[in-house]
Amino acid sequence: MLRLFDTVHGEVRALRQREEGRLTMYVCGPTVYDLPHLGHGRFTLVWDVARRWFVYRGLQVRFVSNITDIDDNIIARAQRDGVPEAEVCATYEDAWWRAMSAIGVARPDDVPHATAYVDEMVALISSFLERGVAYPTSDGIYFDVSRVADYGLLAGQPLDSLRAGARVEANDEKRSPLDFALWKFNKVNEPFWPAAFGDGRPGWHTECVVMSLGLLGDGFDLHCGGFDLKFPHHENERAQAVAWGRPFAQHWGHNGWVMVGEQKMSKSLGNFTSLTDMLERTDARAYRLLVLRSHYRSPIEVSPTTIADAERGLARLDALARRFDLPALAGDSFVTQADHSFSGAALELATSVSLALDDDLNAPLAVAELFEALSRANALADSGEESEARAVAEAIAVLFAAMGLVLDGASDDIDAAAAALVIARDQARSDKNWAEADRVRDELLTLGWVVEDSSSGTTIRRP
RNA sequence: GGCGGCGUGGCCGAGCGGUUAGGCAGGGGCCUGCAAAGCCCCGUAGUCCGGUUCGACUCCGGACGCCGCCUCCA
């Protein structure tokens with residue numbers, strides 16, 4: 001049984017499905033006004049792993065994640081760069097999908113764009129105004145949080161204590177500092193949509209509630225995002241759903257953030273590294289492995305040291321794939337356990353990995369077991385037990401693929417010159433001409449190849 | 001001030017009331033002509049102070065330290 005920590009109840013509990021065998025999940029996506037950073041990489045990887053694992057375990061998953069393409073930050077960026085808002089969105093949405101593709105995050109089943117749902121948002125806000133749940137001020141329409149009895153459910157504290165902690169509010173027209181903008185009236189030179197209550201643009205919290213309920217329907221199963229979205233974003237989405245009279249997400253999942261030194265990586269602190277930059281100097285799979293090696297609810301340290309650490313681990317996995325000539329699985333497609341049957345040691349491995357991941361996505365434990373199995377597979381092969389070894393190695397590849405990590409055992413393209421050197425070295429070795437063999441090896445190393453000998457002769461590969 | 005989380009060996013990072021986490025780095029060994037890759041062995045950690053217990057890294061209490069949310073943020 002799949003179990004997952006639920007933020008509302010503060011405990012790991014069964015992940016139920018509204019409809020048996022089908023899981024509906026919504027993950028809050030990015031606002032496209034800048035390059036994605038490592039934090040975006042982490043949350044997308046975490047929930048991509050979750051999605052893939054649920055699919056592996058036999059669920060039919062409908063995964064929805066939005067693109068926020070209207071927002072104050074986008075307007076500010078457009079004005080700064082002197083280009084239309086739509087161009088800012090197009091540029092950074094493109095960068096987003098490139099990065100997602102690079103880190104192997106599968107495309108959501110649906111990618112709603114906020115601007116395509118403005119009519120629905122306007123209708124919802126009108127109904128809130130009619131019922132007195134929302135009220136206008138000089139700059140927009142606000143939601144009256146006092147109208148939702150259990151406001152603060154996700155924050156884990158009652159309205160009063162939230163209000164007590166609220167920082168000084170610039171807008172004294174708001175009835176409560178916690179009231180949030182459903183709609184912002186446009187200023188000069190700002191994009192707007194027409195509305196009876198005043199032209200303008202929707203607030204962020206309204207976008208997600210309309211899109212998630214619109215695509216997944218009442219009482220969908222799982223709503224995810226970073227911990228920092230818990231409050232106020234998710235709280236406010238939920239408040240609107242309550243006021244709307246529609247059952248909302250049944251289970252809430254939140255992931256931990258990326259730390260830089262002792263601080264959270266964030267836009268406001270400016271201490272972020274863009275995912276795009278990192279991918280230029282790192283195998284994207286190393287970042288996935290790094291993410292998998294800590295629990296999704298814990299903060300992760302991303303530094304040159306931890307990335308290098310993951311890269312070396314990855315190198316061992318790839319070496320296994322080369323040794324057993326394992327096929328590359330996953331990537332754009334999903335792996336399901338129904339497509340694989342294991343027995344013996346491979347079955348034991350699959351079982352313990354499943355137990356780990358079924359229990360609140362304990363990927364670090366699963367990875368530990370897989371690395372243990374990696375040593376076992378090599379040891380079996382070293383002692384000549386080829387078929388046993390192969391069975392374990394294949395299971396390792398399948399189980400990593402179930403978490404979206406593709407092992408790369410492909411051989412590199414070897415040019416004619418290098419191929420000739422390999423032949424020369426094999427000749428020298430069989431002649432026991434060690435000086436010549438070493439000279440040829442040095443030459444290969446100089447050309448950037450890693451040289452490995454085996455009983456069947458010299459093999460070379462790129463580092 | 002309110003709420004939540006964390007403190008594990010050189011580094012990263014899990015589970016568990018008593019039996020090995022795992023990875024990286026380091027040391028020793030096997031294999032190898034020498035390497036590389038691979039395998040085996042090794043350090044035997046748990047912020048501090050109390051308590052519960054036959055026994056605590058694991059439960060309870062306290063102290064200290066750190067991080068986060070309460071404002072846009074994944």
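Source: prediction; values computed, not measured.
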Where protein sits on nucleotides 1-9 of chain B, one letter per nucleotide: B base, S sugar-phosphate only, - none, heavy atoms under 4.0 Å
BBS------
For nucleotides 23-34 of chain B, 5' to 3', base contacts (B), sugar-phosphate-only contacts (S) and non-contacts (-) with protein non-hydrogen atoms under 4.0 Å give BSS-------BB
Rounded distance in Å - [atom1] ([X]) to [atom2] ([N]):
{"X": "A:H234", "N": "B:C70", "atom1": "NE2", "atom2": "P", "answer": "13 Å"}
{"X": "A:H295", "N": "B:C67", "atom1": "NE2", "atom2": "P", "answer": "22 Å"}
{"X": "A:H37", "N": "B:C72", "atom1": "NE2", "atom2": "C1'", "answer": "12 Å"}
{"X": "A:L269", "N": "B:A74", "atom1": "CG", "atom2": "P", "answer": "13 Å"}
{"X": "A:N66", "N": "B:A74", "atom1": "CG", "atom2": "C1'", "answer": "11 Å"}
{"X": "A:F43", "N": "B:A74", "atom1": "CZ", "atom2": "P", "answer": "7 Å"}
{"X": "A:L292", "N": "B:G22", "atom1": "CG", "atom2": "P", "answer": "18 Å"}
{"X": "A:L365", "N": "B:A21", "atom1": "CG", "atom2": "P", "answer": "13 Å"}

What is the nucleic acid contact for [X], judged by heavy atoms within less than 4.0 Å: base, sugar-phosphate only, or nothing?
{"X": "A:G256", "result": "base"}
{"X": "A:N255", "result": "base"}
{"X": "A:G225", "result": "sugar-phosphate"}
{"X": "A:S266", "result": "base"}
{"X": "A:M259", "result": "sugar-phosphate"}
{"X": "A:V46", "result": "nothing"}

Ignoring backbone atoms, establish whether A:S298 has a side-chain N or O less than 4.0 Å from OP1 or OP2 of B:A14.
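For B:A14, OP1 or OP2 has a side-chain N or O of A:S298 closer than 4.0 Å.
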Which residue lies toward the 5' end of RNA chain B, A:R322 or A:Y296, if each is placed at its nearest nucleotide?
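Per heavy-atom nearest nucleotide, the more 5' residue is A:Y296.
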Check whether NZ of the Lys or CZ of the Arg A:R42 lies under 6.0 Å from the centre of the six-membered ring of A:W257 and within 45 degrees of that ring's axis.
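Not flagged: A:R42 not positioned over aromatic ring of A:W257.
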Assess A:R77 against A:Y33: is NZ or CZ under 6.0 Å from the centre of the six-membered ring, and within 45 degrees of the ring's axis?
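So A:R77 doesn't make the cation-pi contact.
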Once side-chain hydrogen bond (donor to acceptor under 3.5 Å, both in side chains) is applied, do any residues pair with [X], and if so which ones, sequence neighbours excluded?
{"X": "A:T115", "answer": "A:D69"}
{"X": "A:H205", "answer": "A:H233, A:N236"}
{"X": "A:S383", "answer": "A:E385"}
{"X": "A:R52", "answer": "A:D48"}

Neighbours of RNA chain B within residues 377-387 of chain A, by heavy-atom distance under 4.0 Å
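Output list: A:N378, A:A379, A:D382.
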Salt bridge (Lys or Arg N to Asp or Glu O under 4.0 Å) with [X]: which residues, sequence neighbours excluded?
{"X": "A:R3", "result": "none"}
{"X": "A:D228", "result": "A:K264"}
{"X": "A:D413", "result": "none"}

May I ask you to decide if the ring planes of A:F220 and A:H223 are parallel, tilted or perpendicular, using 30° and 60° as cut-offs?
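Answer is tilted, since the angle falls between 30° and 60°.
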Where does the angle between the aromatic ring planes of A:H254 and A:W252 fall among parallel (under 30°), tilted (30 to 60°) and perpendicular (over 60°)?
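Ring orientation, 0 to 90° scale: parallel.
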If you check every side-chain atom of A:N362, which of B:C72, B:G13, B:G15 has the closest atom?
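From the listed options, B:G15 comes nearest.
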Nearest to the A:H205 side chain among B:A36, B:C72, B:C69, which nucleotide is it?
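Closest of the options to the side chain of A:H205: B:C72.
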Which one of A:D71, A:D72, A:D139 satisfies the salt bridge (charged side-chain N to carboxylate O under 4.0 Å, His left out) criterion with A:K184?
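Only match with A:K184 under salt bridge (charged side-chain N to carboxylate O under 4.0 Å, His left out): A:D72.
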Roughly how many Å apart are [M] and [N], using the [atom1] atom of each and rounding to a whole number?
{"N": "B:G10", "M": "B:C70", "atom1": "C1'", "result": "38 Å"}
{"N": "B:G62", "M": "B:G7", "atom1": "C1'", "result": "16 Å"}
{"N": "B:U32", "M": "B:A14", "atom1": "P", "result": "40 Å"}

Which residue pairs pass the salt bridge (Lys or Arg N to Asp or Glu O under 4.0 Å) test when at least one of the two sits in residues 398-408 of chain A, sequence neighbours left out?
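For residues 398-408 of chain A: none.
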Might you confirm whether atom OH of A:Y135 has over 12 heavy atoms from other residues, nucleotides or ligands at distances under 6.0 Å?
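For A:Y135, atom OH is crowded (more than 12 foreign heavy atoms under 6.0 Å).
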Yes or no on side-chain contact (heavy atoms from CB on, under 4.5 Å) for A:L421 and A:W449, after CA distance, side-chain angles and deciding distance?
CA-CA 11 Å; A:L421 287 167; A:W449 295 96; over 6 Å; no
Between which residue ranges does RNA chain B form stems of three or more consecutive Watson-Crick or G-U wobble pairs, both distances under 3.5 Å?
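Stems (3+ consecutive pairs) listed as B:1-7 with B:64-70, B:10-12 with B:22-24, B:26-30 with B:38-42, B:47-51 with B:59-63.
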